[in-house]
Amino acid sequence: MRAALNRICLDEVDSTSRYLREQAEGGAEHGTLVVAARQTAGRGRLDRRFESPPGGLYLSLLLRPTSGVPDLTLLTVSAALAAAEAIEETVPSLRVGIKWVNDLYIDGRKLAGILCESALSPEGGAEYVIVGIGVNLRRGVLPKELEEIATSIEEASGALPDPLLLADAIAERMLSLAHDPALALDGYRRRMILVGRRARVSEGERSYTARVIGVDGMGGLIVSRFGRRRVLRFGEVSLRCRK
Ligand code: ATP
């Protein structure tokens with residue numbers, strides 16, 4: 001079943017997720033999609049800045065869960081897979097990998113970032129969830145300091161997809177995958193980068209090296225350190241390729 005998308009297009013906004021939150025508070029429906037050509041204050045996790053100049057795709061999608069509080073990690077898993085699959089469907093020459101938990105990578109460089117946020121109802125359930133996704137489309141538009149760590153669809157493939165078609169494809173895929181976390185986990189696991197490799201883990205102030213084993217059924221990252229396995233939960237944890 002294809003869910004209906006109600007798409008709002010903006011030339012510029014501070015943050016598509018901030019804007020959509022306002023719409024959600026005003027009663028916007030499940031499936032409302034905000035797409036902007038530029039964000040002046042795009043955010044990543046832990047309030048980090050997500051550079052959002054013209055030449056990228058910045059979107060936020062509103063989900064209104066029908067029951068209970070959805071697990072944000074599993075929604076992030078669904079969003080990452082939805083975006084990876086939609087990008088490959090649009091530009092078939094690309095192979096998009098996922099770095100736990102919320103980043104899309106091509107050839108070791110970041111193509112897209114994802115941030116899922118929820119608002120709780122007074123009864124304790126989730127009133128709504130906002131899935132924010134930023135994808136670099138055009139080459140040469142990001143600040144110099146990101147040149148080595150970021151890439152774009154144009155840089156990786158030579159193709160420049162229509163932003164609105166790609167936005168719809170990502171949102172439609174997300175709306176259907178959100179109902180099937182088992183399928184999403186399966187596809188996510190197959191795209192994970194760094195599996196079997198050593199990576200730098202940062203947990204708040206602590207930082208250490210561990211071998212990446214995979215992802216558990218709740219979307220937690222399984223790592224091995226000194227022969228002992230432990231599961232890291234989304235939140236304060238960052239993962240970096242070891243230099
Ligand atoms: P990471 O491991 O990349 O820091 P993260 O999930 O902790 O992952 P996010 O919160 O998703 O990071 O995004 C913020 C970070 O992404 C910034 O600190 C910066 O390094 C990088 N970044 C910012 N803008 C872009 C962009 N347009 N494309 C790629 N990377 C970006």
Side-chain angles (χ1 to χ4, degrees), residues 12-18 35-60 72-73 75-84 87 94 96-117 130-157 160 163 166-167 170 188 191-195 197-210 212 215 219-221 223 232-243:
E12 180 181 303
V13 70
D14 51 354
S15 144
T16 54
S17 289
R18 209 267 324 135
V35 182
R38 164 171 198 245
Q39 297 184 114
T40 53
R43 278 176 302 116
R45 288 195 306 155
L46 312 173
D47 263 337
R48 291 189 191 126
R49 188 173 166 79
F50 190 82
E51 297 294 341
S52 313
L57 166 62
Y58 313 107
L59 68 88
S60 291
L72 278 190
T73 312
L75 273 182
T76 304
V77 161
S78 302
L81 182 66
I87 289 167
L94 288 177
V96 181
I98 299 173
K99 180 169 82 73
W100 186 85
V101 58
N102 62 337
D103 293 321
L104 300 191
Y105 268 67
I106 291 180
D107 294 335
R109 285 153 76 198
K110 183 158 157 180
L111 176 73
I114 291 158
L115 187 66
C116 294
E117 298 166 292
I130 291 177
V131 181
I133 304 181
V135 185
N136 301 323
L137 299 180
R138 209 175 261 286
R139 80 167 89 208
V141 299
L142 289 174
K144 283 263 169 297
E145 66 270 18
L146 288 181
E147 246 168 31
E148 300 233 309
I149 62 166
T151 189
S152 63
I153 290 185
E154 187 181 32
E155 188 170 351
S157 68
L160 200 50
L166 181 57
I170 293 173
Y188 184 98
R191 285 175 188 271
M192 269 184 80
I193 62 170
L194 300 179
V195 173
R197 290 177 47 197
R198 293 175 77 72
R200 194 88 201 144
V201 177
S202 303
E203 281 186 72
E205 302 287 290
R206 273 178 76 220
S207 173
Y208 56 88
T209 298
V212 177
V215 158
L221 184 76
V223 297
L232 309 173
R233 299 280 159 209
F234 183 40
E236 295 290 302
V237 179
S238 288
L239 191 63
R240 300 235 177 272
C241 314
R242 209 170 66 124
K243 291 276 182 277

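If you're wondering where the values come from, they're calculated on a predicted model, not measured in any experiment. Whatever order the structure lists them in is the order used to number ligands and atoms, beginning at 1.
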Quick one: look at Arg48 and ligand 1, take heavy-atom pairs under 4.0 Å, and tell me if it's side chain, backbone, both or neither. side chain

Check ligand 1 against Asp103 and write out every atom of the ligand that is under 4.0 Å from a heavy-atom position of the residue. 1 (P), 2 (O), 3 (O), 5 (P), 6 (O), 8 (O), 11 (O)

As a check for students: among Glu51, Glu145, Arg109, Arg49, identify the option with a heavy atom nearest to atom 17 (C) of ligand 1. Arg49

Protein heavy-atom partner closest to atom 13 (O) of ligand 1 - residue, atom, separation in Å: Lys110 NZ, 3.1 Å

Between Leu115 and ligand 1, which residue portion shows a heavy-atom distance shorter than 4.0 Å: side chain, backbone, both, or neither? neither

Considering only heavy atoms, which of Val101, Thr151, Leu146, Thr76 lies nearest to atom 19 (C) of ligand 1? Leu146

Could you tell me whether ligand 1 has any atom less than 4.0 Å away from a heavy atom of Arg43? no

Atom 1 (P) of ligand 1: nearest protein contact (heavy atom, Å): Arg240 NH1, 3.4 Å

Would you mind running through ligand 1 and noting each atom that sits below 4.0 Å from a heavy atom of Ala150? 28 (N), 29 (C)

For Asn136 and Thr151, work out which heavy atoms get closest and say how close. ND2-O, 3.0 Å

Would you say that Ile114 contacts Asp103 through its side chain, given a criterion of any heavy-atom pair below 4.5 Å between the two side chains? no

Short N-O contact, Glu148 and Arg109, less than 4.0 angstrom: no

Is any side-chain heavy atom of Tyr105 less than 4.5 Å from a side-chain heavy atom of Val96? no

Does a sphere of radius 6.0 Å around CZ in Arg18 hold more than 12 heavy atoms from other residues, nucleotides or ligands, not counting ones at 6.0 Å or beyond? yes

Ranked by distance from atom 10 (O) of ligand 1, the top protein heavy atom is Arg45 N, 2.4 Å

Which bit of Leu111 gets closer than 4.0 Å to ligand 1, counting heavy atoms only: side chain, backbone, both or neither? neither

To check you understand the geometry: which heavy-atom pair defines the closest contact between Phe50 and Lys110, and what is its length? CE1-CE, 4.2 Å

Please state which part of Ile149 comes within less than 4.0 Å of ligand 1, counting heavy atoms only: side chain, backbone, both or neither. side chain

Is there a side-chain contact (heavy atoms from CB on, under 4.5 Å) between Cys116 and Val131 once you walk through the steps? CA-CA 4 Å; Cys116 294; Val131 181; 4.0 Å; yes

For Lys99, the atoms of ligand 1 under 4.0 Å from one of its heavy atoms are 2 (O)

After noting the C-alpha distance and the side-chain angles of Ile153 and Leu111, does the key distance pass the side-chain contact (heavy atoms from CB on, under 4.5 Å) rule? CA-CA 7 Å; Ile153 290 185; Leu111 176 73; 3.9 Å; yes

Run Arg197 and Val212 through side-chain contact (heavy atoms from CB on, under 4.5 Å) and show every step you take. CA-CA 6 Å; Arg197 290 177 47 197; Val212 177; 5.9 Å; no

Value rounded to 0.5 Å, distance of CD1 in Ile98 from CG in Leu194: 12.0 Å

Proximal ligand 1 atoms for Asn102, defined as those under 4.0 Å from one of its heavy atoms: 6 (O), 11 (O)

Please list, in number order, the atoms of ligand 1 under 4.0 Å from a heavy atom of Asn136. 26 (C), 27 (N), 28 (N), 29 (C)

